[in-house]
Amino acid sequence: MSRITPLSPPYAPETEASLARWMGAAGDREPLALFRVLERHPDLASRMRVLGSGLLGHGTLPAVERETVVQRVCARAGCSYEWGVHAQVFGERAGLTLRQLRATVVDDEAAWTPRQAILVRVVDELHDGADLTDGTWAELRAGFEDRQIVEVLVLAGWYRTIAYVANALRLPDEEWAARFPEA
């Protein structure tokens with residue numbers, strides 16, 4: 001059970017409208033528990049939604065690379081909640097294979113393209129030390145444009161924030177979400 005109870009219907013009109021914006025194209029589903037908790041602080045939620053939707057819908061990275069970063073961040077943070085939502089909603093649609101989704105949790109270096117392998121190293125180094133080694137930085141610079149590098153760093157930080165929130169709230173996995181692979 002969540003440490004803060006998510007809002008439940010009937011929602012106030014402004015909350016319902018905000019939840020619909022959070023859900024976007026997945027509006028046929030019940031709003032995520034994460035969003036329903038965030039809406040307990042509507043001003044903060046509205047600011048968060050702008051960045052989150054911008055990273056998902058208006059980024060410069062190919063979807064498969066974006067989701068490689070998201071899934072690895074969630075896996076390294078032990079956030080089964082957000083990992084499962086993204087695996088179910090975006091994983092295959094973005095181009096991640098089942099092997100690659102599993103490899104975000106259970107290391108399998110052979111699962112990655114060369115660009116994805118760099119991104120996995122970036123996430124791992126950021127997770128472990130909040131910085132990048134010169135070698136990883138050089139690989140990132142050689143393979144990605146400046147704006148993509150900035151996006152990768154912000155994307156990793158954003159999903160680390162989401163993992164903190166979901167984990168600290170003890171959000172139970174969404175019933176329909178993919179299940180976190182066992183190591």
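For reference, positions follow the sequence shown, starting with 1. Side-chain atoms are counted along with the backbone in the values below, which use heavy atoms only and exclude waters and symmetry mates. All figures in this text were calculated on a predicted structure; none of them were measured in a lab.
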Kindly determine whether Tyr81 and Glu174 satisfy side chain to side chain donor-acceptor pair (under 3.5 Å), including the steps that lead there. CA-CA 7 Å; Tyr81 178 87; Glu174 298 287 346; 2.6 Å; yes
Side-chain contact, heavy-atom cut-off 4.5 Å: Glu151 with Phe144? no
Out of curiosity, does Phe90 fall in the hydrophobic cluster containing Phe180 (side-chain heavy atoms, cut-off under 4.5 Å, transitive links)? no
Charged N to carboxylate O under 4.0 angstrom, Arg72 versus Asp107? yes
What one should report as the nearest heavy-atom pair of Pro172 and Ser2 is CD-N, 4.1 Å
Establish whether Val123 and Ile162 are linked, either directly or via other cluster members, by ILVMFWY side-chain heavy-atom contacts under 4.5 Å. yes
Rounded to the nearest 0.5 Å, what separation is found between the CE atom of Met48 and the OG atom of Ser53? 11.5 Å
When rounded to the nearest 0.5 angstrom, what distance separates CD in Glu82 from CG in Asp173? 10.5 Å
Under the criterion side chain to side chain donor-acceptor pair (under 3.5 Å), I'd like the reasoning laid out for Glu39 against Ser18: C-alpha separation, chi angles, the key distance, then a yes or no. CA-CA 8 Å; Glu39 284 299 324; Ser18 183; 2.5 Å; yes
Residue pair Thr68 / Thr104: nearest heavy atoms and the distance that separates them: O-CG2, 4.5 Å
Between Met23 and Arg29, is a side-chain contact (heavy atoms from CB on, under 4.5 Å) present by the stated rule, with each step listed? CA-CA 8 Å; Met23 292 301 291; Arg29 295 183 194 261; 4.0 Å; yes
Does any part of the side chain of Leu153, heavy atoms only, come nearer than 4.5 Å to the side chain of Leu132, both counted from C-beta? yes
Just checking Glu92: does its CD atom have more than 12 heavy atoms from other residues, nucleotides or ligands closer to it than 6.0 angstrom? no
Hey, does Trp112 have a side-chain heavy atom less than 4.5 Å from the side chain of Leu119? no
Determine whether Leu61 and Leu126 fall in the same hydrophobic cluster, where Ile, Leu, Val, Met, Phe, Trp and Tyr are linked whenever their side-chain heavy atoms lie under 4.5 Å apart. yes
Which word best sums up how the rings of Phe35 and Trp22 line up, parallel for under 30°, tilted for 30 to 60°, or perpendicular for over 60°? parallel
Pair Gln116-Gln100, side-chain donor/acceptor within less than 3.5 Å: yes
Under 4.5 Å between side-chain heavy atoms, counting indirect links through other Ile/Leu/Val/Met/Phe/Trp/Tyr residues: same cluster for Val85 and Val105 or not? no
Atom CG of Asp134 with >12 non-hydrogen neighbours under 6.0 angstrom: no
Test side-chain contact (heavy atoms from CB on, under 4.5 Å) applied to Leu7 and Leu38, Val37, Leu19, Thr15, the passing residue: Thr15
Val70 with Leu96, same ILVMFWY side-chain cluster at under 4.5 Å: no
Under a 4.5 Å cut-off applied to non-hydrogen side-chain atoms, are Asp124 and Arg76 in contact? yes
Assess whether atom CD of Glu14 is packed by more than 12 heavy atoms of other residues, nucleotides or ligands within 6.0 Å. yes
To the nearest 0.5 Å, tell me how far Ile149 CD1 sits from Leu140 CG. 4.0 Å
Distance-only, no hydrogens or angles: does the Glu139 side chain make a donor-acceptor pair with backbone N or O of Thr136 under 3.5 Å? no
About how many Å separate CZ of Arg49 and CZ of Arg21, when rounded to the nearest 0.5 Å? 4.5 Å
Do the side chains of Arg102 and Asp108 get close enough for a salt bridge, i.e. N-O under 4.0 angstrom? no
Should Glu30 and Arg36 count as an ion pair when the cut-off is N to O under 4.0 Å? yes
Less than 4.5 Å apart, any side-chain heavy atom of Arg66 and any of Leu155? yes
Heavy-atom count around Leu98 CG within 6.0 Å, excluding the residue itself: above 12? no
Arg40 CZ: over 12 foreign heavy atoms closer than 6.0 Å: yes
Once rounded to the nearest 0.5 Å, what's the spacing between atom CZ of Arg3 and atom CG of Leu171? 10.5 Å
Between Tyr159 and Val154, is any pair of side-chain heavy atoms under 4.5 Å apart? no
In the structure I gave you, are the side-chain heavy atoms of Leu101 and Thr97 within less than 4.5 Å of one another anywhere? no
Side chains of Thr133 and Trp137 in contact at under 4.5 Å (non-hydrogen atoms): no
